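Excluded from the calculations below are hydrogen atoms, water molecules and symmetry mates; all remaining heavy atoms, backbone and side chain alike, are included. Bear in mind that the values here come from a model prediction, so they are computed numbers and not experimental data.
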Amino acid sequence: HNHAIRQVDLGAGHAVTTLLGKGKPTPTPGSANGLLAAAQLNQPMGIALDGTNEIVYVADSQSFAIRKFSLIVAPVLSTIAGTGANGFNDAVGSSAQFKDVRAVAFHGSALYVADYGNHKVRGVDLGDGSFTVNTVFDEPGVNVVAVSAVGDRLYIFQRQAKIIAKSFAPETAPAPGYTLWSLGAVNGINGNVQGDKSVAKVYMPTDIVGDPLDSGNHYLIVRAYSQILKMDQHGTTSLFVGEAGTDQVATAGSYADGR
């Protein structure tokens with residue numbers, strides 16, 4: 001609701017600064033490009049860094065666009081894909097249209113965008129100079145709320161109860177290749193069950209990160225139950241942090257330190 005990208009200093013004091021956008025006390029949404037001090041965002045929902053950790057890509061939800069800026073060189077925001085109008089169109093970036101983009105992931109020479117309003121994953125080619133947008137995943141009934149690129153896989157998150165793991169196929173870049181497996185019940189049947197992917201259930205999975213010490217493991221955030229699950233490369237899950245054994249959605253504000 002602040003329509004801003006903010007930075008937390010991990011050093012002493014953990015100072016928070018606004019990199020981009022017009023935050024409080026007077027949040028001002030918009031789609032203006034230009035110097036970061038004057039540029040505007042409209043409900044940014046996700047960010048991704050490129051392979052050099054220099055360029056930041058932003059899924060700007062209500063600007064219906066993908067924006068970018070640099071952390072190193074001139075602090076300028078630009079739009080690489082999206083007309084600013086709500087819709088659907090696979091085309092070069094300046095003519096492409098999105099509908100409520102929720103997340104963006106970087107892999108190789110492409111971005112992968114969770115286009116929630118169109119129920120698709122869209123690919124943005126960063127290597128062709130014109131940021132061509134194509135649909136790379138379109139499964140009926142799957143409301144895509146997030147995407148995450150970890151290692152050689154693209155994880156696609158359904159709104160309620162499903163995670164799909166796809167392998168990147170370099171010969172078809174920027175499109176991900178074949179489906180490796182899916183986790184969670186079909187048709188929105190959710191729950192709180194860990195184990196083999198054939199029986200596991202999740203509810204509101206929102207993000208996944210790789211284990212820096214073991215490339216075969218990942219950590220999955222499950223919003224509804226305030227959990228972090230550990231998941232191996234085959235889709236088998238186990239509880240890492242949080243409470244087990246209940247299908248009751250976690251109460252807002254639940255909090256406790258410990259082991």
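For the pair Thr18 (side chain) and Leu20 (backbone), a donor-acceptor distance under 3.5 Å is absent. A distance-only check finds no donor-acceptor pair linking the side chain of Asp196 to the backbone of Val199 [under 3.5 Å]. Asn89 contributes no side-chain N or O that, together with a main-chain N or O of Ala91, makes up a donor-acceptor pair within less than 3.5 Å. Put simply, the side chain of Ser70 gets close to the backbone of Ile72: a donor and an acceptor are under 3.5 Å apart. In this structure, Asn2 contributes its side chain and Ala4 its backbone to no donor-acceptor pair below 3.5 Å.
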Quiz item: side-chain contact (heavy atoms from CB on, under 4.5 Å) between Ile47 and Met45: does it pass, once the steps are laid out?
Solution: CA-CA 7 Å; Ile47 62 172; Met45 297 289 285; over 6 Å; no
Exercise. Apply the test side-chain contact (heavy atoms from CB on, under 4.5 Å) to residues Gln194 and Gln227: give CA-CA distance (whole Å), side-chain angles for both, the deciding distance (0.1 Å), then the verdict.
Key: CA-CA 11 Å; Gln194 289 82 53; Gln227 295 172 329; 4.0 Å; yes
Quiz item: Which is it for Phe106 and Leu111 under the side-chain contact (heavy atoms from CB on, under 4.5 Å) test, yes or no, and what are the steps along the way?
Solution: CA-CA 5 Å; Phe106 173 88; Leu111 294 176; 4.0 Å; yes
Practice problem: For Val113 and Ile66, run side-chain contact (heavy atoms from CB on, under 4.5 Å): C-alpha distance rounded to whole Å, both residues' side-chain angles, the deciding distance at 0.1 Å, then the answer. | Solution: CA-CA 9 Å; Val113 180; Ile66 304 302; 3.8 Å; yes
Quiz prompt | Residue pair Asp90, Thr135: steps toward the side-chain hydrogen bond (donor to acceptor under 3.5 Å, both in side chains) verdict | solution = CA-CA 7 Å; Asp90 280 341; Thr135 297; 2.8 Å; yes
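Across all their heavy atoms, Leu229 and Val202 have their closest contact at CD1-CG1, 4.3 Å. Taking all atoms of both residues into account, the shortest heavy-atom contact from Pro44 to Val58 is CB-CG1, 3.8 Å. Ala103 and Ala146 make their closest contact through CB-CA, 3.8 Å (heavy atoms, listed as atom of the first residue, atom of the second, distance). Across all non-hydrogen atoms, the minimal contact from Ile80 to Phe131 is O-CB, 3.4 Å. Across all non-hydrogen atoms, the minimal contact from Asp60 to Arg67 is OD2-NH1, 2.6 Å. Nearest heavy atom pair, residue His107 against residue Ala149, reads CB-CB, 4.0 Å.
Looking at heavy atoms from C-beta onward, Asp138 lies out of side-chain contact with His119 at the 4.5 angstrom threshold. Counting heavy atoms from C-beta on, the side chains of Arg6 and Leu19 never come closer than 4.5 Å. Gln40 places none of its side-chain heavy atoms less than 4.5 Å from the side chain of His3. At a threshold of 4.5 Å between non-hydrogen side-chain atoms, the residues Leu71 and Val56 count as touching. A 4.5 Å side-chain heavy-atom check between Val76 and Phe69 finds every atom pair outside the cut-off. Side-chain contact between Asp100 and Phe98 is absent, with no heavy atoms from C-beta onward closer than 4.5 Å. Looking at Phe137 and Ile156, their side chains come closer than 4.5 Å, going by heavy atoms from C-beta outward. At a threshold of 4.5 Å between non-hydrogen side-chain atoms, the residues Asp50 and Tyr57 count as touching.
Qualifying ring-ring contact (aromatic ring centres under 6.0 Å, His included) partners for Phe240, counting only residues two or more places apart in sequence or in other chains: Tyr219.
Taking hydrophobic clusters as Ile, Leu, Val, Met, Phe, Trp and Tyr residues chained together by side-chain heavy-atom distances below 4.5 Å, Phe157 shares a cluster with Tyr225. In the hydrophobic clustering of this structure, Ile228 does not group with Tyr155; members are Ile, Leu, Val, Met, Phe, Trp, Tyr whose side-chain heavy atoms approach within less than 4.5 Å, directly or through other members. Leu41 and Val104 are not part of a single hydrophobic cluster, where members link through side-chain heavy atoms under 4.5 Å apart. Cluster membership for Tyr203 and Ile221, using ILVMFWY side-chain heavy atoms within less than 4.5 angstrom, is not shared. Hydrophobic cluster membership is shared by Leu77 and Ile5, with clusters built from Ile, Leu, Val, Met, Phe, Trp and Tyr side chains linked at under 4.5 angstrom.
Remark: Lys99 NZ to Phe88 CZ distance equals 11.5 Å, nearest 0.5 Å.
Checked by atom type, the side-chain pair Ser31/Asn42 shows no donor-acceptor distance below 3.5 Å. Counting only N and O atoms by type, the side chains of Asp125 and Thr132 include no donor and acceptor under 3.5 Å apart. Side-chain contact of Gln62 with Asn86: a donor-acceptor pair under 3.5 Å is absent, judged by distance alone.
Between Asp115 and Lys120, no side-chain nitrogen of the basic residue sits less than 4.0 Å from a carboxylate oxygen of the acidic one, so the salt-bridge criterion is not met.
Taking the ring axis of Tyr112 as reference, the NZ or CZ atom of Arg122 does not stay both within 45° of it and closer than 6.0 Å to the ring centre.
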